[in-house]
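Worksheet: the structure to be examined is printed underneath.
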Protein chains: 2
Amino acid sequence: MRMHNPPHPGEIIRELCLEPLGISMNEAARALGVSRKTLSAILNGRAGISPQMAVRLSIAFDTSAESWMNQQVQFDLWNAERQRKQLKVERLAAA
Amino acid sequence: MRMHNPPHPGEIIRELCLEPLGISMNEAARALGVSRKTLSAILNGRAGISPQMAVRLSIAFDTSAESWMNQQVQFDLWNAERQRKQLKVERLAAA
DNA sequence: GACTTGTGTCACGTGATGCGTTACATTCAT
DNA sequence: ATGAATGTAACGCATCACGTGACACAAGTC
């Protein structure tokens, strides 16, 4: 399941929140209460959604903070899973 | 919803994974491939579950990495939500 | 041409976090 | 008393979220 690279949440913000409302990155950054650089890093996938940012997004876009965090988790886990075979972990519970 | 402080995931590891199987922290740390200190910090709530740790847990205990991450998200969000009123965020989408 | 706006990116700093090792303490069982 | 299990502290390293200030490049407007 989930074979494809999930998009980083920044893409979703841009495509589902900013573009439909015709809001510029600068406007959004000001409204969210973060610097333009911080939002730019998120939108371009160079930073993730922190819990605090999830709350900010939930206020600004009247959504749930959980949904933003879940998207970030999907992204993070997809990357972490790729190292699964490199991790030296022993089973403790029988399958 | 979710009025009560959610437990940090370390408690769940201890109560649902280590104690039922009678596994010591040292054994578990060795099996997980991390230092005793790292696992201690998690079990005592002084560190969170990283994506990599979620994958380690999923291997050792034959569970899903997602479930561990979700518990961590619940815990992180509960703390972040408490700052909601301190954040200066403007609405961009009408309610 | 000059001026503004939007965007990407650079450097640098701060504080938090995940992980490691080493070391010291306590508790408990043999 | 010896050793195992655990909690915790110091120190280091790398990464990350966030900030400021600055530079560059588009596109539009006066």
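Values reported hereafter were calculated over all heavy atoms of this structure, with side chains retained and with hydrogens, waters and symmetry mates removed. Just so we're clear, the structure is a prediction, and the values are computed from it rather than from any experiment. Order of the sequence lines fixes the chain letters, A, B, ..., with proteins taken first and strands second; residue numbering starts at 1 for each chain.
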- Query: Is A:S50 near enough to D:dC16 that one of its side-chain N or O atoms lies under 4.0 angstrom from OP1 or OP2?
  - Reply: no
- Message: Using a distance-only criterion (donor-acceptor N/O pair, under 3.5 Å, no hydrogens), is the base of D:dG7 paired with the side chain of B:R46?
- Response: no
- Separation of C:dA16 P from A:Q52 CD (nearest whole Å): 13 Å
- Residues B:E11 and B:R14 bridged, charged N to O under 4.0 Å: no
- Euclidean distance, atom CD1 of residue A:I49 to atom P of D:dC16 [Å, nearest integer]: 14 Å
- Item | Separation of atom CG in A:N79 from atom P in C:dG18, rounded to whole Å | 17 Å
- Measure the distance from CG on A:L87 to C1' on C:dC19 and round it to the nearest whole Å. 13 Å
- Within less than 4.0 Å of OP1 or OP2 of C:dT9, is there a side-chain N or O belonging to A:S40? no
- Just do the side-chain contact (heavy atoms from CB on, under 4.5 Å) check on A:L32 and A:I59 with the steps written out, would you? CA-CA 8 Å; A:L32 287 167; A:I59 298 173; over 6 Å; no
- Query: CD1 of A:I42 versus C1' of C:dT9: gap in Å, rounded?
  - Reply: 16 Å
- Is any side-chain N or O of B:S24 closer than 4.0 Å to OP1 or OP2 of D:dT6? yes
- Item | Below 4.0 Å: OP1/OP2 of C:dG20 and any side-chain N or O of B:S35 | yes
- Message: Angle between ring planes, B:W68 versus B:F61, binned at 30° and 60°: parallel, tilted or perpendicular?
- Response: tilted
- Starting from P on C:dA25, measure out to NZ on B:K37 and report it in whole angstrom. 18 Å
- Task: Verify whether one side chain among B:Q72 and B:D76 offers a donor that lies under 3.5 Å from an acceptor in the other.
- Result: yes
- Phosphate-side-chain proximity, B:N26 and D:dA4, N/O vs OP1/OP2 below 4.0 Å: no
- Message: Regarding D:dG7, can its base be found pairing with the side chain of B:R36 as donor and acceptor, where the two atoms are less than 3.5 Å apart?
- Response: yes
- Item | Rounded interatomic separation in angstrom, taking CG from A:N44 and C1' from D:dA17 | 16 Å
- Message: From CE of B:M53 over to P of C:dG18, roughly how many Å is that when rounded to an integer?
- Response: 10 Å
- Query: Base, sugar-phosphate, or nothing for B:R14, non-hydrogen atoms under 4.0 angstrom?
  - Reply: sugar-phosphate
- Backbone N/O of A:S24 and side chain of A:E27: donor-acceptor pair under 3.5 Å: yes
